[in-house]
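Here, residue 1 is the first one in the sequence, and each next residue gets the next number.
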Amino acid sequence: MSVRALAGRPCAGVAEQISRWCADTPTATAVVQGFRAWTYRELEAAAAGIAAALDDVLPRPGRVVAVTGPKGFLTAAAWVAVLARRDVLLPLDPALPQQQAARMVARAGAELVLTLDGTPPPAGKDVRVLHLDSARLPGEGQLAVKQPPLPEEPGYVYFTSGSTGQPKAILGRHRSLAHFLSWLRTALHVQPGDRVGHLAGVGFDVTLREVLLPLTAGATLCLPPPTPLPPGQVLPWLADNEITLLHAVPTVARAWLRAVAADDVRLPALRAVLFSGEPLTDTLVTRWRSQLDYRGEIINQYGPTETTLVRCWHRIEDPVPGIQPLGRPIPGSEAWVEDPPGTRVPPGTPGEIVLHTVYGTSGYLGASPREDARFAFGPDGDVVYRTGDLGRIDQDGLLHFHGRLDDQVKIYGVRVHLHAIEAVLEAQPGIHQAAVTAHKDSDGGAPRLTAHLVLAPGCDTMPAGLRAALLQHLPTAAIPARFLAVDTLPRQSGSGKLDRSQITVPAGQTLAGACMKKRSDLP
């Protein structure tokens, strides 16, 4: 069935899917946090109370409502209430600086900020604020769910990570989110008894999946403590809570593995881990399986926030060398690769990845003409989005990722891709994590590459013969000119993705003089 043929098919809204479980399994556990558990009956009562409070201040639905509060039962119930009213949900991370949160509220056009359990509101003055507390919510009530959403009806606002510039507000659709959750629930066989971990930051759109997937499946949403877990406590928390489904960003997963002793943690209950947000390498897949004795599924996913969470996915059995495939499109989506003039290229030819789906978003809010040019909207609500990612489709129809188009660097006329260099580096013994940046010397010559390396636990010196090992896989132009040992690499708040913009040559050193302290240069 074509993408456009799916446009008119009905799809129950997220709140409607949740309310069915509230009616069918009211005593089942919906949310747990520490030693406290809440049933689906309690979830419905809390959501109904919040919806009633919203009715008092926003009688007409369809408005943008910002919700900010700690990870907890009340925040989950507030999300359900906003979606049930058919409002537009704007999740706000309570850890954001108030001025930044205020700018996001203004950019999204929010008419109300709902603050939970004493969370202070953003600093803006032109928006109403409603404070709610767990202790003062009504204990009874049935959630009134509006009719199924229309195809292009707005349902949420999320901001991009800002990895390609200033964060942009994206207007998501109720029906697109509902369809994605329905598809994923079926694809992963999510059902009562599953326990889904919620570890992503609220500002990362993966939170929509982590919070809402279990609640639309009659499963249990497992919340960590309100204070973020340090890396060394995450894997034990997953084991103690018998998490069955998990999402992870590769950078973050590496930090979890590095922070615990080898063979110290096992995850027998975990049956599927979903990776997305960054390139997934064979090295990480192998480490995850061997260190945790993991026997469940490993799935690589791909989909910018602009196209509703995930558009391609790939179950990994035997990992291929280097970066793993992104896979094939999910139902209701297409993926192809174009050259710069905008012509589709044949399999094996690299170019820009383009995504087409009827379950996309409505684009950017307040976008510039250049930003709007990335989107093309069809007559049936379908969306074509030019991702800015470089990739190719192989002979088997699998989509492969080769980095951002703006991460390509020419070194003496040779085009190199930073992600490809990082994948080769991370495959070398003794290297835990790598990030490669390009800088120009003060003389203005050709860019030079610097590799920033986090060494594997127990390694105090740079591995011998590293440059020779890289030359077996990379052209000479792609070999970094300098290698720096670092303790950690910066990550974006919320998503945990590598923040390449914050990686710099150490202060006080020119690129030519940058070197590893207490370590000799490479052989």
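Residues satisfying the salt bridge (Lys or Arg N to Asp or Glu O under 4.0 Å) criterion with Arg328, sequence neighbours excluded, are absent altogether. Under the ring pair (Phe, Tyr, Trp, His ring centres under 6.0 Å) criterion, Phe401 pairs with His419, not counting sequence neighbours. Contacts of Arg315 classified as side chain to side chain donor-acceptor pair (under 3.5 Å), with partners at least two apart in sequence or in another chain: Glu297. Every residue two or more places apart in sequence or in another chain that forms a side chain to side chain donor-acceptor pair (under 3.5 Å) with Asp117 is listed here: Ser134. By the side chain to side chain contact (heavy atoms under 4.5 Å, CB included) test, Ile393 pairs with Val337, Leu399, sequence neighbours left out. With sequence neighbours left out, the side chain to side chain contact (heavy atoms under 4.5 Å, CB included) criterion links Ala30 to Tyr40, Leu43, Leu215. Shown here are the side chain to side chain contact (heavy atoms under 4.5 Å, CB included) partners of Gln100, two or more places apart in sequence or in another chain: Leu96, Pro97, Arg103, Met104. For Asn300, there are no side chain to side chain donor-acceptor pair (under 3.5 Å) partners, not counting sequence neighbours. Not counting sequence neighbours, the partners of Thr251 by the side chain to side chain donor-acceptor pair (under 3.5 Å) test are Glu278. Leu171 meets the side chain to side chain contact (heavy atoms under 4.5 Å, CB included) test with Val88, Pro154, Val157, Ser362, Leu365; sequence neighbours excluded.
At least one side-chain heavy atom of Leu280 sits under 4.5 Å from a side-chain heavy atom of Val285. The side-chain heavy atoms of Thr220 and Pro214, taken from C-beta on, include no pair separated by under 4.5 Å. In this structure, Pro91 and Thr207 have side chains that are not in contact, with every pair of non-hydrogen atoms separated by 4.5 Å or more. Residues Val190 and Thr216 fail the side-chain proximity criterion, which asks for heavy atoms closer than 4.5 Å. In this structure, Pro122 and Gln98 have side chains that are not in contact, with every pair of non-hydrogen atoms separated by 4.5 Å or more. Side-chain contact check for Leu114 versus Ile50: some heavy-atom pair is nearer than 4.5 Å.
Using bins of under 30°, 30° to 60° and over 60° for the plane-to-plane angle, the ring pair Tyr158/Tyr156 lands in the perpendicular bin. Ring planes of Phe73 and Trp38: parallel class, angle under 30° (limits at 30 and 60°). Using cut-offs of 30° and 60° on the angle between ring planes, the pair Trp288 and Phe275 is perpendicular.
Remark: Arg374 does not engage Glu306 in a salt bridge, criterion side-chain N to carboxylate O under 4.0 Å.
Taking every heavy atom of both residues into account, Ala108 and Leu90 meet most closely at CB-CD2, 3.8 Å. The nearest pair of heavy atoms linking Asp194 to Ala219 is O-CB, 3.3 Å. Heavy atoms only, all atoms of each residue included: Asp205 and Leu309 are closest at O-CD2, 3.2 Å. When all heavy atoms of Ala335 and Pro329 are compared, the pair lying nearest together is N-CG, 3.7 Å. Closest non-hydrogen pair, Leu181 versus Val14, comes out as CD1-CG2, 3.8 Å.
Residues in residues 53-65 take part in these side-chain hydrogen bond (donor to acceptor under 3.5 Å, both in side chains) pairs, two or more places apart or across chains: Asp55-Arg85, Arg63-Glu111.
A salt bridge (Lys or Arg N to Asp or Glu O under 4.0 Å) with Glu153 is found for one member of Arg175, Arg86, Arg173 and no other, namely Arg86. Just one residue in the list Leu116, Val129, Val113, Val202 forms a side chain to side chain contact (heavy atoms under 4.5 Å, CB included) with Thr68, and that residue is Val113.
Within the 3.5 Å criterion, the main-chain N or O of Ala272 finds a donor-acceptor partner in the side chain of Tyr294. A donor-acceptor pair under 3.5 Å links the side-chain atoms of Gln291 to the main chain of Leu257, judged by distance alone. In this structure a side-chain-to-backbone donor-acceptor pair under 3.5 Å is missing from Gln301 to Trp313. Remark: the backbone N or O of Arg254 is not paired with any side-chain donor or acceptor of Arg287 at under 3.5 angstrom. No donor-acceptor pair closer than 3.5 Å links the side chain of Thr361 to the backbone N or O of Thr308. The main-chain N or O of Thr39 is found under 3.5 Å from a side-chain atom of Glu42 such that the two form a donor-acceptor pair. Proximity of a side-chain donor or acceptor of Asp93 to a complementary backbone N or O of Ala95 within less than 3.5 Å is detected. With hydrogens and angles disregarded, a donor-acceptor distance shorter than 3.5 Å links the side chain of Thr25 to the backbone of Trp21. Not a single donor-acceptor pair under 3.5 Å links the side chain of Thr115 to the backbone N or O of Pro121. In terms of modelled atom types and a separation under 3.5 Å, the side chain of Thr244 and the main chain of Arg195 share a donor-acceptor contact.
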Got a list of side-chain donor-acceptor pairs under 3.5 Å for residues 225-235, not counting sequence neighbours?
none

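Gln433 and Arg258 share no side-chain donor-acceptor pair at under 3.5 Å.
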